[in-house]
Number of protein chains: 2
Amino acid sequence: MNTVPRSVPLNRLQKAAADPVETTDTKSRILDAAEELFMEHGFEATSLRLITTAAGVNLAAANYHFGSKEELFQAVLTRRLDPMNRDRVELLSSYEAAAGKQLLTCEKILAAMFIPALKLARDHETGGKNFLRLLGRAYADPAPFIREFLSSQYSEMIARFRAAFSKALPHIPREELSWRLHFVMGALSFTLAGTDVLKVIGQYHPEEVGNDELILKRLAPFLAAGLRAPVANADSGRELGF
Amino acid sequence: MNTVPRSVPLNRLQKAAADPVETTDTKSRILDAAEELFMEHGFEATSLRLITTAAGVNLAAANYHFGSKEELFQAVLTRRLDPMNRDRVELLSSYEAAAGKQLLTCEKILAAMFIPALKLARDHETGGKNFLRLLGRAYADPAPFIREFLSSQYSEMIARFRAAFSKALPHIPREELSWRLHFVMGALSFTLAGTDVLKVIGQYHPEEVGNDELILKRLAPFLAAGLRAPVANADSGRELGF
DNA sequence: GCTCATTTCAAACAAACGTTTGAATAGGGC
DNA sequence: GCCCTATTCAAACGTTTGTTTGAAATGAGC
């Protein structure tokens, strides 16, 4: 059922004029269309009919190749998430090897998180950008199957980076560090998910929106400073009224 | 159509045994049930039948009182968001008045953002907590009517707080400050939306999860340090490989 | 050129969706 | 006690949903 297709199907009926050369196979075309539409409308609001029509394939092809809508969504995520997280861990390991006995800075560890995401945004043209936004949205999705899937996909990579931050910030207690890592992931995913979120903040800078490189270059120093912040004691916040 | 109901309806048929005293009117019961269910399943995945059944009212009551599902969702948000953002602005003004000619610290301005949220989480018992999570989720929802609604609801409050941060951090360029404010809102909403998100990070601390006060006491110093971070120059990140 | 597993396709499935309808019920104002 | 408006209710509306079915088409291996 999940083997390599024998040949490239030739259903050029619908969009032959608009897109004369259809190189990719049915499975990939469904994944590409699903990635874009899930990003645009969310999981629940995107129908299989919308996806298969955009992909120019038959409706039943989605269930034939992926089993169900949920499995299709997971396949969309896995396709890019798996390699990206592998890259992150490998990059972190290479940094640690290069540093030898010296400690890595927070900025360097953050770079190991960001650079594979940037590579994704650059390499696959529009597709990569779509995926990063989709990923940010998936983080906030309440559907149990999405949460469990992301949890399993991220657990190794998160554990690896927490260990790295723990070495870089030995004065931060484990518990506090877990929270700060949580804040880092939050700011990162929220930023990547933001398309027109900027309207909320106002001060729209069209030349920067969509330029993830510039945005992450602003985010890294912000997060590094937060990670290094002095740990609040028990009375912190009391004077502020908390 | 939107006037005060003449009397409290007495449809105690469904849940009289479980909840013998039904004090609230139909409209409020729908809002309460919708708040919890939208939080749990998201907007698209929550049906009006689910909401009205949980509220113990007739299906048609939702459309009768609110017009449509979208308007119901907006009503759920407005009910608590409007007073909360008003509180935030008033609190900020009172801080500024008390400080006189002295500048407010970032922590103090952040406190003006956090305290009304904490009040909401505390006052309305479970209801308030549900709402804060719902709000965090709504931030990441791609539905246009949600984005436009939030944008209009937040614009005044955001503008007010940007001005305050701008005074407190005169050395940060306007553009950079807009981004940092964006990161702040991201970390805040992501944190408030997090129920089992902590599983992603691991290091589950059950005694702290759900205790928003403790969480925000950890978040404020993190964000304040990030806001004060030195501004990156053009070559920043290059040495890190960006 | 026949075989056969793989893939495509049109059609249909039951279920669930948001919304509307028109009658039944309620209760304050006179 | 009757009028009138507000509300509740059961039922049905027409769509749309994810999924399944069985036949048609495809193309490499022999």
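Naming: A, B, ... by sequence-line order, numbering from 1 per chain.
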[N] phosphate, OP1 or OP2: any side-chain N/O from [X] under 4.0 angstrom?
| X | N | value |
| --- | --- | --- |
| B:T26 | D:dT8 | yes |
| A:H65 | C:dT6 | no |
| B:S47 | C:dA16 | no |
| A:N58 | C:dA10 | yes |

Provide, to the nearest angstrom, the distance between the [atom1] atom belonging to [X] and the [atom2] atom belonging to [N].
| X | N | atom1 | atom2 | result |
| --- | --- | --- | --- | --- |
| B:Y64 | D:dT8 | OH | C1' | 9 Å |
| A:N63 | C:dA10 | CG | P | 16 Å |
| A:I51 | D:dT17 | CD1 | C1' | 12 Å |
| B:D25 | C:dA26 | CG | C1' | 15 Å |
| A:R49 | D:dT19 | CZ | C1' | 9 Å |
| B:I30 | D:dC9 | CD1 | P | 10 Å |
| B:F73 | C:dG18 | CZ | C1' | 16 Å |
| A:L37 | D:dT17 | CG | P | 12 Å |

Practice task
Select base, sugar-phosphate, or nothing to describe what B:T46 touches, counting heavy atoms under 4.0 Å on all strands.
Solution key: sugar-phosphate

Practice task
Just call it for A:A61: base, sugar-phosphate, or nothing, with non-hydrogen atoms closer than 4.0 Å on any strand.
Solution key: nothing

Problem - NZ/NE/NH1/NH2 to OD/OE distance under 4.0 Å, A:E35 and A:R133 - result: no

Problem - Side-chain touch B:R88/B:F161, heavy atoms, less than 4.5 angstrom - result: yes

Exercise for the section: Check the angle between the aromatic planes of A:Y154 and A:Y139 and answer parallel, tilted or perpendicular using the 30° and 60° thresholds. Expected result: tilted

Handout entry: Candidates D:dA10, C:dG18, D:dG18 - which lies nearest the side chain of B:K69
Key = C:dG18

Handout entry: Ring-ring centroid check A:F38 A:F43, cutoff 6.0 Å
Key = yes

Exercise for the section: Walk me through it: do A:D87 and A:K119 pass the test salt bridge (charged side-chain N to carboxylate O under 4.0 Å, His left out)? Expected result: CA-CA 10 Å; A:D87 281 0; A:K119 200 183 84 180; 2.7 Å; yes

